[in-house]
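Working notes for the structure below.
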Number of protein chains: 2
Amino acid sequence: MARPILATGNLEPILRPTVNDIAREAGVSLATVDRVLNARPGVRAKTVKAVNDAIARLGYVRDLTAANLARSRNYRMAVLLPDTESQFIQSLAAALVEAGQAAAPSRTELRLIRFPAEDPHALAALLGSLSSRDLAGVALMAPETPVLRDAVRALRARGLPVVALVSDLPNADHFIGIDNRAAGRTAGVLLGRFLGGGPGQVMVLGQSLLARDMIERRRGFDEVMQRDFPGLEVLQSLETHGSPTTLRQVVTEMLANAPRVRGIYAMGGGNRTLTQVLGEMGLSGKLTVVCHELTPHVRQALLTGEITAVITQNLGHLARSTLRVLRAKADNQPLDESQEQIRIEIVLRENLPDLPAPASAARIDRVA
Amino acid sequence: MARPILATGNLEPILRPTVNDIAREAGVSLATVDRVLNARPGVRAKTVKAVNDAIARLGYVRDLTAANLARSRNYRMAVLLPDTESQFIQSLAAALVEAGQAAAPSRTELRLIRFPAEDPHALAALLGSLSSRDLAGVALMAPETPVLRDAVRALRARGLPVVALVSDLPNADHFIGIDNRAAGRTAGVLLGRFLGGGPGQVMVLGQSLLARDMIERRRGFDEVMQRDFPGLEVLQSLETHGSPTTLRQVVTEMLANAPRVRGIYAMGGGNRTLTQVLGEMGLSGKLTVVCHELTPHVRQALLTGEITAVITQNLGHLARSTLRVLRAKADNQPLDESQEQIRIEIVLRENLPDLPAPASAARIDRVA
DNA sequence: GCGTTTTTGAGGTGCGTACCTCAAATTTGG
DNA sequence: CCAAATTTGAGGTACGCACCTCAAAAACGC
């Protein structure tokens with residue numbers, strides 16, 4: 001149950017300057033240093049400078065853990081996701097919950113809130129009801145609309161950091177997700193090269209051609225196909241609007257009319273229905289299919305060869321990054337960009353990572 | 001210079017049980033709870049159980065930040081790398097130094113130590129000189145030898161956690177790096193598919209066929225080629241022993257004798273020399289070349305088309321993971337396996353990530 | 001039952017910081 | 001130069017925990 005923390009002995013201290021050192025160095029009292037550090041009023045400009053100079057000279061950095069302890073600071077973050085039931089959203093939600101649990105020891109709490117996917121005003125109202133008294137930050141995955149822009153602006157004006165998830169919002173503090181244009185380009189090379197450069201036709205599917213991420217993917221895809229694979233004819237995008245029925249219909253129709261289709265780029269959701277339709281038409285494994293997001297079903301389809309390649313983003317990373325970024329923003333701290341950059345991952349059957357272990361069971365590592 | 005931490009107001013507290021709560025719940029004093037928590041002697045088994053029961057009932061988890069503050073705990077880690085001057089090692093070292101700097105605020109210090117690459121006994125002696133009084137953990141990148149095995153065992157016996165970097169060591173506490181067999185398989189599919197399944201010959205290059213990572217890559221590569229691409233003939237591996245001269249010689253010879261070579265799998269280092277030789281022979285961009293590790297030079301070669309695809313691991317992730325794992329081991333804490341798994345990344349020209357920004361310059365994010 | 005050993009409690013100090021109060025020192029305005 | 005306003009200092013408490021001492025209480029041996 002309760003184990004002592006430490007097997008190895010303690011180390012000789014690594015000395016870092018403290019507030020007391022600053023006070024001595026600056027020739028002022030602790031109270032004054034505190035006033036400067038925490039931007040409290042009642043200090044002459046001259047004194048402020050003296051303190052800041054001492055800080056610079058000593059290379060002082062505030063011990064955030066001690067500071068947070070003293071303030072009993074805690075970080076309650078809200079993450080807003082559409083109430084869609086797609087496997088992607090579900091996996092994302094699960095990853096967020098897990099990251100939230102893992103962050104609990106560092107006084108971070110994550111509140112997952114779902115909003116009606118098709119109602120921008122309801123979302124805006126929800127955002128309006130969030131208070132910076134209860135929250136330290138907000139993460140949000142939603143398509144951009146005028147009301148949403150205003151609501152985000154209002155939130156930030158109230159001092160709450162807002163980060164955009166998966167699909168960018170231009171007036172958020174930060175965007176967490178992949179570069180969708182580059183993702184589209186990557187899909188393009190994979191399809192192009194796997195098809196040997198042609199000849200043949202390529203079908204493109206997307207939920208809605210209005211969402212920012214879809215637009216960017218399509219643009220990147222076309223860019224590469226036109227430049228590098230002129231032998232492949234890219235057919236017009238088909239919109240599915242998230243409806244399995246529509247998807248089934250447009251795919252069937254297109255495949256009947258375009259017999260030279262050798263590849264499919266599925267930009268958005270609906271991968272489950274797509275593989276199903278292909279199966280029914282006896283085309284499983286006969287076409288080169290590139291899609292997005294490594295959901296459980298896509299995993300399976302990769303293994304059976306129904307899907308050739310997947311462009312994906314690591315949702316665990318995305319979730320942890322979300323918390324780290326929100327926290328950094330809440331603390332007004334700089335962030336490590338390279339750590340927060342979400343990579344575009346290419347998954348084939350051969351580099352399919354092991355299924356992540358269930359969250360709760362803490363694994364035992366090797367023992368001597 | 002010194003900014004106040006917090007713009008947003010404080011939140012209503014998220015209450016977590018403290019040691020005082022345990023004492024009350026268990027009906028004992030604070031001192032006794034402390035004795036149990038830190039495994040100090042002089043407590044009856046019965047009392048220990050009462051305390052542990054209370055801990056379980058309340059769901060108490062120790063506040064590690066407060067604990068570390070109280071103990072003035074700090075984490076000094078040693079990372080041992082061969083003194084090779086390859087771009088890979090240099091990039092790795094740079095990533096480690098950067099991760100070490102980023103971890104400084106959390107009382108973590110990283111000491112980079114280089115050892116003579118070809119002298120296992122010197123390395124063993126070095127390991128023998130490390131003390132658990134000065135260090136909290138050791139990370140090590142080295143080929144396995146009998147003396148090394150013994151040295152690692154001795155280190156662990158002295159209570160120092162040891163993790164293996166890049167290439168696995170079976171008796172380390174943990175391995176941080178990619179699954180090299182899967183990496184070899186991935187290289188196989190890429191080459192196979194990019195070459196349209198054949199016909200043709202494929203050349204395989206490696207520094208030394210003795211290192212564990214090389215063996216595994218070759219095995220994974222062969223596995224896929226035999227099973228999925230029988231139309232491609234895989235030539236015998238060529239060993240370069242890290243010598244540019246040897247590499248130049250064997251490649252030239254092989255290409256002269258095997259005119260049907262259409263692809264190259266470069267399992268180890270020497271990518272700089274390889275592209276150079278290919279250029280001299282007028283073959284730049286004419287062969288499909290798959291190699292490992294996204295070093296600066298390989299980036300360049302990807303952009304010019306001299307190299308087709310790269311199997312790589314994110315060194316920033318690797319470095320941060322090293323510190324997290326060492327810390328978790330030092331604290332005897334469980335680790336989040338999914339966060340520590342280093343992914344096999346496939347990099348083509350089209351998904352080449354932006355060059356990471358220089359370490360020191362903290363970036364400013366968007367402002368309202 | 002008594003002395004001895006073992007176990008427990010009460011209390012304090014410190015880690016580095018935040019935040020508060022009150023009095024003393026300094027500066028400012030007229 | 002004096003009164004008023006501003007700035008500074010001294011000191012305390014708290015956060016959650018580690019670690020120490022000393023005395024009181026309980027368990028133990030015989």
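Fair warning: this is a prediction, and the values are worked out from it, not measured in the lab.
Proximity of residues 16-23 of chain A to DNA chain C (heavy atom under 4.0 angstrom from any strand atom) is restricted to A:Thr18, A:Val19.
Looking at heavy atoms from C-beta onward, B:Arg156 lies in side-chain contact with B:Asp173 at the 4.5 angstrom threshold. Residues B:Leu130 and B:Val138 form a side-chain contact, since some pair of their non-hydrogen atoms from C-beta on lies under 4.5 Å apart. Two residues are said to be in side-chain contact when any heavy atoms from C-beta on lie closer than 4.5 Å; B:His317 and B:Ile342 meet this criterion. Contact annotation: the side chain of B:Tyr60 approaches that of B:Val19 to within less than 4.5 Å [non-hydrogen atoms, C-beta and beyond].
Backbone-only contact: B:Asp63 has heavy atoms under 4.0 Å from sugar-phosphate atoms and none from a base.
Residues satisfying the side-chain hydrogen bond (donor to acceptor under 3.5 Å, both in side chains) test with B:Arg153, not counting sequence neighbours, are none. Considering only residues two or more places apart in sequence or on other chains, B:Arg44 meets the side-chain hydrogen bond (donor to acceptor under 3.5 Å, both in side chains) condition with none of them. With sequence neighbours excluded, the residues forming a side-chain hydrogen bond (donor to acceptor under 3.5 Å, both in side chains) with A:Asp63 are A:Thr65, B:Arg107, listed by chain and number.
The separation between A:Arg71 atom CZ and C:dC20 atom P is 11 Å, rounded to whole Å. In this structure, B:Arg107 atom CZ and C:dG16 atom C1' are separated by 8 Å, rounded to whole Å. Summarising the geometry, the separation between CG on A:Asn74 and C1' on D:dG16 is reported as 14 Å, rounded to the nearest angstrom. Between the CG atom of A:Leu37 and the C1' atom of C:dT17 there is a distance of 9 Å, given to the nearest Å. Taking atom CZ of residue A:Arg73 and atom P of nucleotide D:dG16, one finds them 15 Å apart after rounding to whole Å. In this structure, A:Asn68 atom CG and C:dC15 atom C1' are separated by 15 Å, rounded to whole Å.
By the 6.0 Å and 45° rule, A:Arg73 stacks over the aromatic ring of A:Tyr75.
Shown here for B:Gly316 and B:Ala95, the closest heavy-atom pair between the two residues is N-CB, 4.2 Å. When all heavy atoms are compared, the tightest approach of A:Pro41 to A:Arg35 is O-CD, 4.2 Å. Considering all non-hydrogen atoms of both residues, A:Ala151 and A:Leu127 come closest at CB-CD1, 3.7 Å.
Comparing B:Asp34 and B:Ala66 by the nucleotide of DNA chain D whose heavy atom lies nearest to each, the residue mapping closer to the 5' end is B:Ala66.
Comparing D:dG16, D:dC17, D:dA18 by their nearest atom to the side chain of B:Leu69 picks out D:dG16.
Note on B:Arg40: a side-chain N or O is less than 4.0 Å away from OP1 or OP2 of D:dC19. Proximity of B:Arg62 to the phosphate of D:dA18: a side-chain N or O atom is located under 4.0 Å from OP1 or OP2.
Rounded to 10°, the angle separating the first-five-pair axis and the last-five-pair axis of the helix from C:dG1-D:dC30 to C:dG30-D:dC1 equals 20°.
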Practice problem: For each nucleotide in nucleotides 5-13 of chain D, reading 5' to 3', give B when a protein heavy atom comes within less than 4.0 Å of its base, S when such contact involves only the sugar-phosphate, and - otherwise. | Solution: --SBBB---

